[in-house]
Amino acid sequence: MDPYGTDLASRFCMAHPDRVAAILLMCGPFVGEWRTAYRAERDHRMSIAQQERLRALKEVPRRTEEQEVELLTLSWFTDHAGPEHGWRWAAQGAQQRRPINWAMNGQLGTEGHTDPLEEHLAMLHACLPGQAEILAGVDDPRPVSALESLARRLNVPLTRIKGAGHEPWLEQPGAVRAHLRRFVQDTVRSY
């Protein structure tokens, strides 16, 4: 599954710039060729047995409830900085963020490949409100270098949260809370 929330927020900003007072893009969007580095890091964080089990589960046409939870846990636990907490958070997410609409997910992925956000970065830059930032977990298996490049291209600040992966609000809630509070306060002051 590809990151989608920040892609959607970016596209909304381009379609309705008059309706966006500020935008904080958290852990995305990822543009360019980031998937190869992401897959390599994800595989590095998994044992061979976990990699094989994940591949096997993906090939099951009709997974049981238990298999679906296992597949999601295996898919998500590497998103976190620490494997112990990562496994627990991924398992909780696999139970709570369900059901996954795999058909819609596939369609969104296809549409993203057909009309990549990267081809619209000049427009996005032009549509961004004065208060725009990117926030990233330093230990996200998706390469932070991709977000550094995006921040330069959009001319927006990038805040890196240490000790956090793709869901920094779980791993470093205090740091994320402080950043969000400052971001909202700065936005309110600018109006």
Side-chain angles (χ1 to χ4, degrees), residues 1-14 16-17 19-32 34-35 37-39 41-42 44-46 72-98 100 105 108 112 117 121 124-125 127-191:
M1 294 185 290
D2 290 350
Y4 188 71
T6 55
D7 189 279
L8 179 63
S10 298
R11 290 177 188 273
F12 182 88
C13 184
M14 289 187 294
H16 306 284
R19 301 181 80 185
V20 180
I23 189 167
L24 177 61
L25 300 168
M26 197 174 296
C27 302
F30 288 87
V31 296
W34 58 272
R35 286 178 181 83
Y38 162 64
R39 288 181 187 121
E41 181 59 26
R42 182 196 61 205
H44 175 74
R45 295 179 185 196
M46 297 176 87
L72 295 173
T73 302
L74 284 166
S75 297
W76 295 341
F77 88 95
T78 60
D79 282 351
H80 304 281
E84 309 81 30
H85 288 111
W87 188 267
R88 183 171 45 87
W89 285 322
Q92 288 172 350
Q95 293 286 343
Q96 297 167 355
R97 300 180 200 165
R98 309 242 1 274
I100 300 293
N105 188 283
L108 291 172
L117 182 63
L121 292 182
L124 176 59
H125 180 262
C127 293
L128 285 174
Q131 186 71 13
E133 297 182 24
I134 301 172
L135 184 138
V138 170
D139 297 315
D140 191 335
R142 294 154 192 83
V144 174
S145 61
L147 294 179
E148 292 168 344
S149 174
L150 178 65
R152 283 191 301 275
R153 291 172 74 179
L154 296 177
N155 195 31
V156 300
L158 168 66
T159 298
R160 296 161 191 83
I161 304 291
K162 292 181 181 175
H166 196 63
E167 296 179 324
W169 55 91
L170 288 175
E171 294 173 283
Q172 297 297 332
V176 173
R177 187 179 310 110
H179 186 79
L180 287 173
R181 185 170 286 128
R182 194 240 353 120
F183 181 82
V184 170
Q185 289 170 346
D186 289 352
T187 301
V188 170
R189 273 194 287 269
S190 70
Y191 277 89

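Numbers here are sequence positions counted from 1.
- Residues Phe77 and Leu72 are not in side-chain contact: their nearest non-hydrogen atoms beyond the backbone lie 4.5 Å or more apart.
- When every heavy atom of Leu121 is checked against every heavy atom of Val31, the shortest pair comes out as CD1-CG2, 4.2 Å.
- With rounding to the nearest 0.5 angstrom, the NE2 atom of His85 is 10.5 Å from the CD atom of Gln92.
- For Arg42, there are no salt bridge (Lys or Arg N to Asp or Glu O under 4.0 Å) partners two or more places apart in sequence or in a different chain.
- In this structure, Arg88 does not pair ionically with Glu84, as no charged nitrogen and carboxylate oxygen lie closer than 4.0 Å.
- Once rounded to the nearest 0.5 Å, the distance linking CG of Leu124 with CZ of Arg153 reads 10.5 Å.
- For the side-chain contact (heavy atoms from CB on, under 4.5 Å) test, residues two or more places apart in sequence or in another chain that qualify with Leu8 are Tyr4.
- Sorted by first and then second residue, the salt bridge (charged side-chain N to carboxylate O under 4.0 Å, His left out) pairs involving residues 154-170 (not counting sequence neighbours) are Arg97-Glu167, Glu148-Arg160.
- With Thr187 contributing its side chain and Phe183 its backbone, the two residues share a donor-acceptor pair below 3.5 Å.
- Looking at residues two or more places apart in sequence or on another chain, you find a salt bridge (Lys or Arg N to Asp or Glu O under 4.0 Å) between Arg189 and Asp186.
- Contacts classified as salt bridge (charged side-chain N to carboxylate O under 4.0 Å, His left out) and involving residues 170-180 (residues at least two apart or in different chains) are not found.
- Pairing each heavy atom of Cys27 with each of Phe30, the nearest pair is O-CE1, 3.1 Å.
- In terms of heavy atoms, Thr73 sits closest to Ala94 at OG1-CB, 3.5 Å.
- Considering every non-hydrogen atom in both Leu180 and Met26, the closest pair reads CD2-CE, 4.0 Å.
- Of all heavy-atom pairs between Leu117 and Pro29, the closest is CD2-CG, 3.5 Å.
- Counting heavy atoms of neighbouring residues, nucleotides and ligands inside a 6.0 Å radius, atom NE2 of His44 does not exceed 12 of them.
- Considering only heavy atoms from C-beta on, Arg45 stays 4.5 Å or farther from Asp79 through its side chain.
- Contact record, Ala9 with Leu25: CB-CD2, 4.2 Å, taken as the closest heavy-atom pair.
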Report all side-chain donor-acceptor pairs from residues 127-141 shorter than 3.5 Å, counting only partners two or more places apart or in another chain.
residue: Glu133; atom: OE1; partner: His179; partner atom: NE2; Å: 3.0
residue: Glu133; atom: OE1; partner: Arg182; partner atom: NH2; Å: 2.9
residue: Glu133; atom: OE2; partner: Arg182; partner atom: NH1; Å: 3.1
residue: Glu133; atom: OE2; partner: Arg182; partner atom: NH2; Å: 3.0
residue: Asp140; atom: OD1; partner: Arg142; partner atom: N; Å: 2.9
residue: Asp140; atom: OD1; partner: Arg142; partner atom: NH1; Å: 3.0
residue: Asp140; atom: OD2; partner: His166; partner atom: ND1; Å: 2.5

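- Distance check, rounded to the nearest 0.5 Å: CE of Met46 to OG of Ser75 gives 7.0 Å.
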